[in-house]
Amino acid sequence: MRAALGAWAAAARVARASSTAAQTPWAATSSPEPGPGVCPSGLCQAEGLRGFFEALTATEAGTRNRPVHIVQIGDSHTAGDRITGKVRVELQRRFGRAGRGVLPPGVPWTGYAPFQVAVGSTGWVTEPAPLQPPAGAPSPRVGLSGVRSTGAGDAMMGFELEPGSEATTLGVCGRARGAGPGLAVEHGGLIHSLDFNGPARDTPVCRDLPLGRATRQVRLRPLGDGLVIDSVRLDKGGSGVALSNLGRVGATLRDLAARDEATVAAELTAWEPDLIVLAFGANEGFDDALDRTAYEALLRGQIARLRRLAPSASLLVLGAPDAQRNGATGGCSADGMRAPPPSLAVVRDVQRRVAADLGVAFWDWHGRMGGDCSADRLAQGAEPLMRGDRVHFTNAGADWIGGILAGDLMAAYDGWKAESAAAGGAD
């Protein structure tokens, strides 16, 4: 088993090196300027981020000794970690690296490739929760990652962190299987037994294990059958920023609503997020039967739920981006064959109005990428920023739009700091 996981790690390093070697030499290209949107500098209700901004201020002042933790939950734009990866890099460049954050347990789908860490798994049974239809459906008990892994026998799960993202603390959330330690943790030639018991069998538990020193490789092995893991957290400790991306291809806000309440409560208590980002809406926008009233009630309900389970966290809603559907007649695309599905505008309007009503920060993704039909324009450049589907961003496009989001957040933060300083000086 050690040899198998070692071979996986070596293969991951070779794949990354081969990909880098095969890339075309970089040449500067001009990127479009961000669109004006409906919010000042892209962000409405920035005052809703006060708690998050206070955490960043304490980090800059050197008075905070734990990570500023951002948790983004969403669809494929979040799952790919390319947009969130850019935001992570920019914030960590300014405030310091505090670790990779929360990850799904193991490899949840083919092609899974998060930034700053390579993940391998053998012997674990990994189950993503099914996507929720409009009428709802039974869902397995899973947490915010939307995935669970069950271990048995000689199963092994491994995480290899890139230099600079070493972990000093491991956090694992899942379900107790009864008496016994439950989980073996290997790192740096050391083996620890992690007590994974709960007050009763099959209850949600979250456990932290100080690793004693910074490490780049962590392996998890079940001690006995039936251990269930819902999420893994890798923190560097101390100050800085950690950004966790928990997304699922095809996900909607209904999928967040289907997550097990007790598991989510245990995770949010353990993770202590300072900012929770909701990044849904694109898939709802392609639902021609979308019920505006039901969608608004769902969004209000999930905001209320997160406020109840993570009362100290700021909330940010990312408005649904522009996207286009094939088969239109007289569409707004260059060839006239594509147009945004009508429900996308409905989703954005509901998101913006609900966020304003509840005092939640709102980022105008649609406006900042250029407004209506920008998905087509961004796909037509010398270096396309959107893929041919006019829904997903290319790597360059994800870097571009992620940089705009990070810049808008930091502009709002700097503005808030200036106002706070001026108000303090006036007293």
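All values reported here derive from a predicted model rather than from experimental measurement. Heavy atoms only: backbone and side chains are in, while hydrogens, waters and symmetry mates are out.
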Salt bridge or not between [X] and [Y]? Use side-chain N to carboxylate O under 4.0 Å.
X: Asp230; Y: Arg175; value: yes
X: Asp208; Y: Arg233; value: yes
X: Glu127; Y: Arg148; value: yes
X: Arg368; Y: Asp408; value: yes
X: Arg353; Y: Asp357; value: no
X: Asp414; Y: Arg94; value: yes

ask   = Any luck finding a side-chain donor-acceptor pair between Gln302 and Arg305 under 3.5 Å?
value =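 Indeed, the side chains of Gln302 and Arg305 share at least one donor-acceptor pair under 3.5 Å.
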ask   = If you measure only the distance, is there a donor-acceptor pair under 3.5 Å linking the side chains of Thr84 and Gln72?
value =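 Side-chain D/A pair, Thr84 to Gln72: absent.
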message = Under the criterion side chain to side chain contact (heavy atoms under 4.5 Å, CB included), I'd like the reasoning laid out for Leu220 against Leu183: C-alpha separation, chi angles, the key distance, then a yes or no.
response = CA-CA 7 Å; Leu220 307 180; Leu183 188 66; 4.1 Å; yes
Within a strict 4.5 Å, meaning less than it, do heavy atoms of the [X] and [Y] side chains meet?
X: Thr215; Y: Glu166; result: no
X: Leu278; Y: Leu315; result: no
X: Thr122; Y: Met157; result: no
X: Leu243; Y: Val87; result: yes
X: Ser121; Y: Ser149; result: no
X: Val71; Y: Leu275; result: no
X: Phe286; Y: Ser343; result: no
X: Val350; Y: Arg300; result: no

inquiry  = How about CZ on Arg50, more than 12 heavy atoms from neighbouring residues, nucleotides or ligands closer than 6.0 Å, or not?
reply    =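 Open.
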task = Check the angle between the aromatic planes of His77 and His392 and answer parallel, tilted or perpendicular using the 30° and 60° thresholds.
result =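 The rings of His77 and His392 sit tilted, inter-plane angle from 30° to 60°.
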key: For Tyr112, all residues meeting ring-ring contact (aromatic ring centres under 6.0 Å, His included), sequence neighbours excluded   =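 Only Trp109 meet the ring-ring contact (aromatic ring centres under 6.0 Å, His included) criterion with Tyr112.
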request  = Before giving the answer on side chain to side chain contact (heavy atoms under 4.5 Å, CB included), spell out for Lys86 and Arg82 the whole-Å C-alpha distance, their side-chain angles and the decisive distance to 0.1 Å.
outcome  = CA-CA 6 Å; Lys86 177 62 174 179; Arg82 296 202 174 272; over 6 Å; no
inquiry  = Go through it in stages, so that I can follow the logic: the residues are His69 and Asp235, the test is side-chain hydrogen bond (donor to acceptor under 3.5 Å, both in side chains), and I'd like the CA-CA distance, side-chain angles, deciding distance and then a yes or no.
reply    = CA-CA 10 Å; His69 190 187; Asp235 283 345; 6.0 Å; no
ask   = Can Leu316 and Leu409 be said to form a side chain to side chain contact (heavy atoms under 4.5 Å, CB included), step by step?
value = CA-CA 10 Å; Leu316 170 62; Leu409 282 172; 4.1 Å; yes
Considering all heavy atoms, the nearest [X]-[Y] contact:
X: Cys206; Y: Ala266; answer: SG-O, 3.5 Å
X: Met369; Y: Leu378; answer: O-CD1, 3.6 Å
X: Ala155; Y: Arg221; answer: O-CG, 3.5 Å
X: Tyr295; Y: Val347; answer: OH-CG1, 3.6 Å
X: Val119; Y: Pro114; answer: CG2-CG, 4.2 Å
X: Ala320; Y: Gln351; answer: N-OE1, 2.9 Å

query = Which residues pass the side-chain hydrogen bond (donor to acceptor under 3.5 Å, both in side chains) test with Arg141, sequence neighbours left out?
reply =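 side-chain hydrogen bond (donor to acceptor under 3.5 Å, both in side chains) list for Arg141, sorted by chain: Asp202.
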query = Got a second to check how far Asp364's CG is from Ser41's OG, nearest 0.5 Å?
reply =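 Interatomic distance, Asp364 CG to Ser41 OG, rounded to 0.5 Å: 11.5 Å.
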task = For side chain to side chain contact (heavy atoms under 4.5 Å, CB included), just list the numbers for Leu234 and Leu170, CA-CA rounded to whole Å, side-chain angles, deciding distance to a tenth of an Å, and then say yes or no.
result = CA-CA 5 Å; Leu234 295 165; Leu170 167 73; 3.8 Å; yes
inquiry  = My understanding is that only one of Gln92, Arg100, Arg97, Arg88 makes a side-chain hydrogen bond (donor to acceptor under 3.5 Å, both in side chains) with Ser165; could you say which?
reply    =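 Single pass found, and it is Arg97.
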